[in-house]
Amino acid sequence: NAGVTQTPKFRILKIGQSMTLQCTQDMNHNYMYWYRQDPGMGLKLIYYSVGAGITDKGEVPNGYNVSRSTTEDFPLRLELAAPSQTSVYFCASSSPHDRGGTEAFFGQGTRLTVV
Amino acid sequence: EDKVVQSPLSLVVHEGDTVTLNCSYEVTNFRSLLWYKQEKKAPTFLFMLTSSGIEKKSGRLSSILDKKELFSILNITATQTGDSAVYLCAVEAGNQFYFGTGTSLTVIP
């Protein structure tokens, strides 16, 4: 049971470099999310997707892009890395249903440092 | 604007103490409230609450939701050092989860 898998676990980028954080889930969940977590802070939503081909901005989307070509994959792209993007990034997925809530399943996180 | 507020921000207790963590929320299209425990890695799921007044219990942890007053509490009895973590409250509303900033709990031996 892989669940939600994120790669890489750690990365150091120089200012202006670009990279893609990979996220894949094997639970056939329609909903996927990208969060960032800064020290002492809660999780802030960057982007989310309710299904393949559909993405929406969250609370802090600037400097990021996403795509959702398949149900399983939801990569997060940083085009021009900035020090403000130093953070821990979590990918999550869920499968909401009409009768009530659902939990979000999290990947193990990517610790990104921009220098 | 949807928001989730947790209190206290941090807490230091001795082993054996009982603690109560608070979570209040203001969201539209509420679906559920969730509690997670985070220990320097990904959050791990504790409870999901959808109905008022029904206590969820798991060992020394319990939680209850009040949908009229828009809050939830997480109780931990007979705390142990292994309970030291950040406890996150999240509210599922619309298509999103809204997270509080968390309560950092430190349990001293």
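Chain letters run A, B, ... following the sequence lines, proteins first and then strands; every chain starts at 1. For clarity, every value in this text was computed on a predicted model and none was experimentally measured.
The neighbour count for R60(B) CZ, taken as heavy atoms of other residues, nucleotides or ligands under 6.0 Å away, is above 12. Counting heavy atoms of neighbouring residues, nucleotides and ligands inside a 6.0 Å radius, atom CD1 of I54(A) exceeds 12 of them. Under a cut-off of 6.0 angstrom, the local environment of NZ in K44(A) is sparse, with at most 12 non-hydrogen atoms contributed by other residues, nucleotides or ligands. Residue M27(A) places its CE atom among more than 12 non-hydrogen atoms of other residues, nucleotides or ligands, all under 6.0 Å distant. Around NZ of K57(A), the count of heavy atoms belonging to other residues, nucleotides or ligands within 6.0 Å does not exceed 12.
For the pair L43(A) and L88(B), the minimum side-chain heavy-atom distance is below 4.5 Å. Counting heavy atoms from C-beta on, the side chains of F90(A) and Q38(B) come closer than 4.5 Å.
Taking the centre of each ring, F106(A) and Y36(B) come in below the 6.0 Å mark.
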Open item on the list: What verdict does the side-chain contact (heavy atoms from CB on, under 4.5 Å) test give for Y35(A) and F97(B), after you've listed the backbone C-alpha separation in whole Å, the side-chain angles of each residue and the deciding distance to 0.1 Å?
Closed with: CA-CA 10 Å; Y35(A) 293 93; F97(B) 291 90; 3.2 Å; yes
- [ ] For the pair E59(A) and Q96(B), evaluate side chain to side chain donor-acceptor pair (under 3.5 Å) and give the outcome as yes or no after the intermediate values.
- [x] CA-CA 11 Å; E59(A) 186 181 0; Q96(B) 300 184 26; over 6 Å; no
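Y47(A) and V60(A) fall within a single hydrophobic cluster, where Ile, Leu, Val, Met, Phe, Trp and Tyr side chains are chained together by heavy-atom contacts under 4.5 Å. Side-chain heavy atoms closer than 4.5 Å link hydrophobic residues (I, L, V, M, F, W, Y) into clusters, and following such links, possibly through other members, connects L70(B) to L65(B).
With a 4.5 angstrom heavy-atom cutoff, Q6(A) does not touch chain B via any of its atoms.
Taking OH from Y33(A) and CG from N95(B), the interatomic distance works out to 7.0 Å, rounded to the nearest 0.5 Å. Taking NZ from K9(A) and NZ from K41(B), the interatomic distance works out to 10.5 Å, rounded to the nearest 0.5 Å. One finds the OG1 atom of T101(B) at 12.5 Å from the CG atom of D38(A) (value rounded to the nearest 0.5 Å).
Looking at every heavy atom in both residues, G107(A) comes nearest to A42(B) through O-CB, 3.0 Å.
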